[in-house]
There are 2 protein chains.
Amino acid sequence: MTQLLDVRKMNILRAIVDDYILTAAPVGSRTLSKRDDIELSPATIRNEMSDLTELGFLEQPHTSAGRVPSEKAYRLYVSNIMDRARLTDEESEYIRRHLEQRVSEVGDVIRETARMLSGITNYTSVVQSPKMKNARLKHISLIPVTEGTALAVVVTNSGSTSSTMLTVPAGITAQDLDKITHLMNDRMTGYKITDVHRTLLPLLREEIGEQADSVAEMLGGISDDLSKRSVEVVGAANMLDYPEYADVSKAKSFLSEIEKGEIFKEVLPNEDGVEMTIRIGAENDNPELKDCSVITVSYSVGGEQVGSMGVIGPTRMDYSKVVAVLKCMSESLGSVLSKMLKGSESHKELKE
Amino acid sequence: MTQLLDVRKMNILRAIVDDYILTAAPVGSRTLSKRDDIELSPATIRNEMSDLTELGFLEQPHTSAGRVPSEKAYRLYVSNIMDRARLTDEESEYIRRHLEQRVSEVGDVIRETARMLSGITNYTSVVQSPKMKNARLKHISLIPVTEGTALAVVVTNSGSTSSTMLTVPAGITAQDLDKITHLMNDRMTGYKITDVHRTLLPLLREEIGEQADSVAEMLGGISDDLSKRSVEVVGAANMLDYPEYADVSKAKSFLSEIEKGEIFKEVLPNEDGVEMTIRIGAENDNPELKDCSVITVSYSVGGEQVGSMGVIGPTRMDYSKVVAVLKCMSESLGSVLSKMLKGSESHKELKE
DNA sequence: ATTAGCACTCGTTCCTCTTGAGTGCTAACA
DNA sequence: TGTTAGCACTCAAGAGGAACGAGTGCTAAT
């Protein structure tokens with residue numbers, strides 16, 4: 001990338017963004033010239049600021065106010081300017097240790113992650129539970145509930161359970177369900193949940209004949225259901241701490257959006273391989289977030305991205321800190337989950 | 001109860017409360033005298049208001065402002081004055097129909113109840129899931145997970161499932177767990193979950209001898225876990241619509257309290273037999289709710305109170321409407337749950 | 001190229017004044 | 001004796017205006 005701005009302009013822009021992130025007040029030339037890292041007179045700075053305004057990096061609320069960074073400025077700041085901080089060892093140690101105290105259930109770990117993320121950053125956090133597509137079958141029970149419906153209770157190798165209501169094809173009896181349950185527990189444990197119904201098909205044909213296909217379809221519903229993932233959102237009320245939301249009607253519309261529960265879409269996993277995404281203001285698809293920035297990071301177990309989490313804050317958020325915290329969280333969560341899920345011993349692959 | 005106030009004072013008080021609930025602005029004597037239901041001159045009203053203030057039913061924000069009802073006034077209003085409205089048939093029909101569309105899962109019904117409750121009242125709703133203490137065992141699986149831990153998956157006659165991580169006593173093998181599972185499915189279905197571990201004890205003695213007691217204790221953990229109940233809280237952001245929360249810092253402290261997730265305590269079931277409770281302002285245990293009123297109602301299945309729900313709003317809430325909506329909701333939820341849970345056929349009672 | 005100097009802009013703050021909704025009290029009235 | 005008209009008084013809220021000051025842009029000197 002070619003140098004968009006000369007070094008001096010960069011420095012001034014950094015100083016303005018840093019200051020604005022801290023104070024939320026328009027930054028003036030005199031304030032800047034007092035800083036140690038800028039050795040220029042106010043007048044010179046004013047000239048530079050005037051240029052930066054023309055280039056679209058700064059905005060002026062009104063003639064006699066200081067300058068405020070534009071979204072373009074944040075973009076540049078985030079990609080080229082800010083120092084990509086790492087947390088101190090104590091901080092990351094603290095995070096990891098807290099997370100490791102919650103090793104009994106995946107849900108607990110996710111919740112604790114969300115809580116810490118919002119607690120440390122003081123913004124709103126969104127954490128998605130890991131996808132279980134690669135989970136392997138450990139135990140299954142098909143339990144008839146009413147005429148035509150059955151409950152499938154699946155335990156995966158990671159110890160997580162899920163239960164799904166299934167519609168039982170006509171003609172399948174409780175005895176059939178029992179037979180299928182035993183068949184699956186005997187022959188299919190260790191297979192990926194998503195593969196089970198296909199792999200099982202030939203065996204089913206032997207056991208229950210012509211209804212095998214409809215039963216396989218029913219079992220497919222289990223892996224569909226398993227792909228539904230929960231999302232923890234914590235710290236929405238934190239936003240009220242920032243002058244951006246001093247106006248109650250703004251606060252209300254933000255909080256209502258959060259309560260709708262579709263915010264997780266903003267945190268949807270990035271394309272494979274992309275670790276971190278920063279979306280600033282209007283870059284967000286959701287118009288309700290046009291004054292917010294959303295930073296998301298994916299987390300991995302065993303080298304594979306299985307989920308993501310994010311932080312939502314005002315565009316004037318502390319990008320550097322949030323990036324650092326998210327990195328650490330992602331690593332910690334990944335490693336804690338790995339430990340939890342490593343109870344998976346027998347892996348049988350589906351030969352396609 | 002003896003008549004605390006004469007009829008005219010009652011009328012004036014009702015008018016003031018009604019007006020204040022509507023407008024949130026202090027009510028003056030002239031405003032009142034313009035109302036059709038009060039045929040008195042402002043001066044007369046002033047005299048009465050002065051008396052009511054002395055008696056503690058009214059308060060004055062400052063000398064030259066109108067009067068505002070005190071908590072004592074709301075108390076009186078709620079117990080003796082307000083007309084206990086019922087919903088129209090269309091309204092209650094609407095509620096019932098909406099709820100009946102969610103018959104597949106208890107959790108869905110609870111969530112929809114909370115959503116409607118907050119949607120209709122425009123306050124914050126809290127709905128507790130029904131207690132399952134009387135649920136009866138339909139199916140159980142004990143699945144070894146790691147050395148020393150097992151997962152208990154329980155399906156009740158109502159079709160709801162729960163899974164609990166149990167600590168397996170030393171010396172109990174996977175085979176033992178299997179044996180116990182079969183024993184329970186063969187002999188204990190239809191019993192109340194809470195009774196199972198006790199009733200099973202003699203049978204366990206036969207099967208696994210001296211370890212029976214520790215196993216029974218482990219199984220007791222299942223019913224402990226089953227008594228954990230989820231709570232849905234919806235519409236916290238609604239509070240921002242009211243001038244009481246125009247101050248962001250108030251809004252923040254309310255929302256933070258909600259987010260802490262302990263609000264359900266305010267909705268804890270009333271003593272048996274009490275159907276509805278109204279707690280006004282300082283009557284709430286939680287100091288964070290001292291400017292709020294909480295109305296809770298219990299709901300029943302088969303004549304037994306199994307849960308409760310409530311609405312949280314400013315003390316200046318529309319008591320009459322909320323009471324009516326809660327009554328209707330309680331009945332609808334009760335009847336919908338009854339239908340869902342009536343799948344319970346075989347009941348075996350524990351002979352004590 | 002930088003900076004000191006200066007006139008100018010404009011939001012914020014702080015007064016003061018006015019307005020009006022409300023009161024309490026007193027005296028007249030039915 | 002209860003009700004009401006009248007009046008002086010209070011006080012929050014709003015309007016208007018001066019003073020302030022943080023900021024700018026421009027020009028001329030360094």
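We use all heavy atoms of the structure for the numbers below, so side chains are in, but hydrogens, waters and symmetry mates are not. Sequence lines set the chain letters: A, B, ... in the order given, protein chains first and strands last, and positions in each chain run from 1. Just so we're clear, the structure is a prediction, and the values are computed from it rather than from any experiment.
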Interatomic distance, [X] [atom1] vs [N] [atom2] [rounded to whole Å]:
| X | N | atom1 | atom2 | value |
| --- | --- | --- | --- | --- |
| D19(A) | dA22(D) | CG | C1' | 14 Å |
| E59(B) | dG22(C) | CD | C1' | 17 Å |
| L32(A) | dG23(D) | CG | C1' | 12 Å |
| I38(A) | dT2(C) | CD1 | C1' | 15 Å |
| L52(B) | dG22(C) | CG | C1' | 17 Å |
| L40(B) | dT3(D) | CG | P | 7 Å |
| E48(A) | dT24(D) | CD | P | 13 Å |
| I45(A) | dA1(C) | CD1 | P | 18 Å |

Any [X] side-chain nitrogen or oxygen under 4.0 Å from OP1 or OP2 of [N]:
| X | N | value |
| --- | --- | --- |
| T63(B) | dC11(D) | yes |
| R46(B) | dC7(D) | no |
| R67(B) | dG24(C) | yes |
| S29(B) | dG22(C) | no |
| R30(A) | dG21(D) | no |

Side-chain heavy-atom pair Y74(A), S293(A) within 4.5 angstrom cut-off: no
message: So T44(A), base contact, sugar-phosphate only, or nothing? Heavy-atom distance under 4.0 Å.
response: base
query: A65(A) near the nucleic acid: base, sugar-phosphate alone, or nothing, with a heavy-atom cut-off under 4.0 Å?
result: sugar-phosphate
message: Once hydrogens and angles are ignored, does a donor-acceptor distance under 3.5 Å link the base of dT3(C) to the side chain of S41(A)?
response: no
No-hydrogen, no-angle side-chain donor-acceptor test under 3.5 Å, [X] and [Y]:
| X | Y | result |
| --- | --- | --- |
| Q128(A) | S308(A) | yes |
| N11(B) | R14(B) | yes |
| N122(A) | Y242(A) | yes |

message: I'd like to know if the side chain of T53(A) reaches the main chain of E59(A), judged simply by a donor and an acceptor atom lying under 3.5 Å from each other, with no hydrogens or angles considered.
response: no
- prompt: Mapping G66(A) and P42(B) onto DNA chain D by nearest heavy atom, which one lands closer to the 5' end?
  reply: P42(B)
Picking from [options], which would you name as closest to the side chain of [X]?
| X | options | value |
| --- | --- | --- |
| H62(B) | dA4(C), dA12(D), dT4(D) | dA12(D) |
| Q60(B) | dG24(C), dT9(C), dA12(D) | dG24(C) |
| T31(A) | dC11(D), dT23(C), dG23(D) | dG23(D) |
| S64(B) | dT23(C), dT3(C), dT10(D) | dT10(D) |
| R8(B) | dG24(C), dC10(C), dT3(D) | dT3(D) |

query: In Å, rounded to the nearest 0.5 Å, how long is the span from CZ of R86(B) to CD of E91(B)?
result: 11.5 Å
